[in-house]
Novice: 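Here it is, the structure in full.
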Amino acid sequence: MGSAPENGGAARAPTGTRDVLWPESWRFEAAAARFAQLVQGAGYGLLQSPTFEYASVFRKGIGEENDVVGREMYEFADRDGKLLALRPEGTASVVRAYLQHRPTLPWKAWYATPLFRHERPQAARYRQHHQLGIEALGVADADMDVEAIWIADSFLRGLGLARFTLHIGSMGDGTCRPGYISLLHEHLAAHRDELCEEHRQRLDTNPMRVLDCKRPECRAVTAGAPRLLDHLCDACAGHFQRVRDGLGALGVPAEIDYRLVRGFDYYTRTTFEFASAAIEAAQNALGGGGRYDGLVEMLGGDPTPGVGFGIGLERVLIACEAEGVFTDGPPPLDAFVVDVAGGDAARDLTAALRRAGLRADRAFDGRSMKAQMKLADRSGARLALIVGPEELRTETVLLRPLRGDGGQRSVKAGEVVAAVQEERAGKDGT
Ligand code: HAM
């Protein structure tokens, strides 16, 4: 006997991935469409880039010791022996595309893309998730950070979300961060034995990650640790103040978070994250981002500032469900054609309705009247258009409302499209 099949013999999606079926998939698309409208209206252009890259893009851009690269990236050699990676995040890919095509700066790009991380699957943490994001390259101005944050905040609020908090912080830059890291390391090393097992080991490679540890033993040590925001150089402090002032001016409420450490090492200066109070704390980040003024250089280009964010679409929809907002469904069908007189009317009338821009469906396989009416009802259509032998003889169609009140009426076959259009206009209030 061969080895057990990897899918356990069942037809199922790989661990940590999910299918999104109708009508949830409709909300998924609708939210992405709203995002597209918002960012296009702010001067961002869509970037479509491959779902996989040479692994070196992420190794160089994100860093080998980073969890997303070191532990979670789907990396493989292709049939030519090239080392590739399924994209674990969007920013390094955008920077790679910038370096390849050199669009004029400032370059404002947006994306909607699946991302892949081999995480321990749990609620709202998947091995394939989707992000809606923007990246603006070539602008050092703090007002660009404000623009990015405002866009993310507007998108979430536009969906109706209200129970979330925006956390902002600063990672400093090459002038102030090294000195702060020494101070932090000194503090943590003096308490090494009190830290959790994982961070006792990792303290020397990346002391800032300890600030992000949620375990109580680490929390106790980091509560008294020096804070980067108290050690920013004048330029970084001025930048942070301008961001705070900008958010204040635009009415975007933000909380300063002294511990905000984002998962990537490329950040400089501003970082931010949106935390939902409506979903489970461990996975409550709806999105996050920040400035990464050194990333273009890390990938081999000239020093070029950048700032952006990624919003987790699955998380956002979970939060919407928890808050009972963005409950829109797909628009209903205008009509469902029920033909118990041979099927020609179903074929021709459905086509005529669709040609006129109406949403229409029909039954197939010559089913009984009862079965077809059941399908019509289940389709959510506003009207059933019924054609039986009597209608065929008199060249009429029976128009029966399926929702709300109003009785059925007989309409001349040649006027049925106009009648459905009228019904729709009446229901839409147009
Ligand atoms: P990130 O914080 O790793 O940032 O991801 C952004 C958002 O994607 C998270 O806040 C979360 O909503 C969602 N997300 C991440 N991992 C998962 C997962 N396994 N399952 C479900 N949702 C997930 C970035 O990726 C940066 N590239 C963002 C950025 C853009 N920074 C600057 N520009």
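Just so you know, ligand 1 is whichever comes first in the structure, and atom 1 is the first atom listed for that ligand.
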Novice: By salt bridge (charged side-chain N to carboxylate O under 4.0 Å, His left out), which residues pair with Lys108, not counting sequence neighbours?
Specialist: Glu147
Novice: Do Arg27 and Glu24 meet the salt-bridge criterion of a basic N to acidic O distance under 4.0 Å?
Specialist: no
Novice: Going through the distances and angles, do Asp19 and Arg12 end up as a salt bridge (Lys or Arg N to Asp or Glu O under 4.0 Å)?
Specialist: CA-CA 10 Å; Asp19 300 309; Arg12 52 185 298 181; over 6 Å; no
Novice: Students should find this: residues with any non-hydrogen atom under 4.0 Å from ligand 1. What is the answer?
Specialist: Glu89, Thr91, Tyr111, Arg117, Glu119, Ala124, Arg125, Tyr126, His129, Gln131, Glu135, Arg262, Phe264, Tyr266, Tyr267, Ala285, Leu286, Gly287, Gly288, Gly289, Gly290, Tyr292, Gly308, Phe309, Gly310, Gly312, Arg315
Novice: If you count heavy atoms of other groups shown closer than 6.0 angstrom to CZ of Arg244, is the number above 12?
Specialist: no
Novice: May I ask you to decide whether Arg382 forms a salt bridge with Glu423, counting only side-chain N to carboxylate O separations under 4.0 Å?
Specialist: no
Novice: Hey, is CZ on Arg125 packed in by over 12 heavy atoms from elsewhere, all under 6.0 Å?
Specialist: yes
